[in-house]
Amino acid sequence: LDTYLPNILDKEEQDARSMLQSSWARLLAESETRQEELTVKQVQFKRNLIKTVHSFKRDVEKFRRDYEERGPMVKGIRPSQAVERLKRCKEEYEVHGR
């Protein structure tokens, strides 16, 4: 605009334009910095998530195996024993549910 219409902007508008340009440059620099920080954090969060999911899968497999081997549905146990085992399994399930 200054090239084709050199005297169209007054002093305040020129100052505002230069402030806008410098503010925009600072904003871009800040956004790049934040993006780099988030990229690093994303890697850490992803690694932690994968580790936690693997641990959860192992816990589920262990709980399932224990339920099938020592749970209330095992053949040949007394009904009172089955009720006790069911209560124990429910308690374990609630603990893992948290």
Side-chain angles (χ1 to χ4, degrees):
L1 194 59
D2 286 336
T3 305
Y4 299 107
L5 300 169
N7 294 324
I8 198 160
L9 296 176
D10 63 0
K11 178 73 172 142
E12 287 180 23
E13 289 176 327
Q14 289 176 353
D15 290 342
R17 188 181 72 183
S18 74
M19 289 298 294
L20 181 62
Q21 288 172 339
S22 65
S23 295
W24 183 252
R26 281 195 312 268
L27 180 62
L28 288 177
E30 181 71 20
S31 70
E32 288 174 4
T33 301
R34 296 292 174 229
Q35 184 177 5
E36 290 170 6
E37 290 173 3
L38 289 173
T39 301
V40 170
K41 287 182 180 182
Q42 179 185 18
V43 170
Q44 295 167 348
F45 284 134
K46 185 175 181 180
R47 190 176 298 131
N48 186 30
L49 176 65
I50 291 170
K51 186 169 63 172
T52 305
V53 167
H54 285 303
S55 175
F56 177 72
K57 287 169 77 175
R58 283 192 303 271
D59 288 347
V60 167
E61 290 169 357
K62 181 179 176 246
F63 180 80
R64 176 71 182 196
R65 190 171 43 254
D66 185 53
Y67 184 84
E68 289 173 353
E69 293 172 0
R70 294 180 206 93
M73 303 298 286
V74 174
K75 291 184 181 184
I77 63 172
R78 295 185 320 264
S80 60
Q81 225 179 353
V83 169
E84 289 175 17
R85 289 182 179 190
L86 181 61
K87 287 179 184 177
R88 181 182 52 85
C89 288
K90 280 184 178 180
E91 288 173 3
E92 283 185 42
Y93 179 78
E94 289 175 3
V95 167
H96 289 296
R98 295 179 194 157

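The figures that follow rest on heavy atoms only: side chains count, while hydrogens, waters and symmetry mates do not.
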Which residues share a side-chain hydrogen bond (donor to acceptor under 3.5 Å, both in side chains) with R34, sequence neighbours left out:
E30, E37
If you look at every heavy atom in Y67 and P72, which pair is closest and at what distance?
CE1-CD, 3.5 Å
Output for pair (R85 CZ, S80 OG), nearest 0.5 Å, gives 10.5 Å
Residues E68, R64: salt bridge by 4.0 Å N-O rule:
yes
Please round to the nearest 0.5 Å and tell me the distance separating atom CD of Q42 and atom CZ of F45.
10.0 Å
Atom pair CG/CD of L86 and E91 - distance to nearest 0.5 Å:
10.0 Å
Assess whether atom CD of E12 is packed by more than 12 heavy atoms of other residues, nucleotides or ligands within 6.0 Å.
no
Listed partners of E84 passing side-chain hydrogen bond (donor to acceptor under 3.5 Å, both in side chains), at least two apart
none
Just jot down the side-chain hydrogen bond (donor to acceptor under 3.5 Å, both in side chains) partners of T39, sequence neighbours excluded, or say none.
none
Members sharing W24's hydrophobic cluster, built from side-chain contacts under 4.5 Å between Ile, Leu, Val, Met, Phe, Trp and Tyr, are L27, L28
E92 bridged to R88 by N-O distance under 4.0 Å:
yes
Quick one: salt bridge (Lys or Arg N to Asp or Glu O under 4.0 Å) partners of R70, sequence neighbours excluded?
D66
Name all residues meeting the salt bridge (Lys or Arg N to Asp or Glu O under 4.0 Å) criterion together with D59; count only those two or more places apart in sequence or in a different chain, and write none if there are none.
none
Side-chain contact test, heavy atoms from C-beta onward, threshold under 4.5 Å: evaluate it for Q35 versus L38 and give yes or no.
no
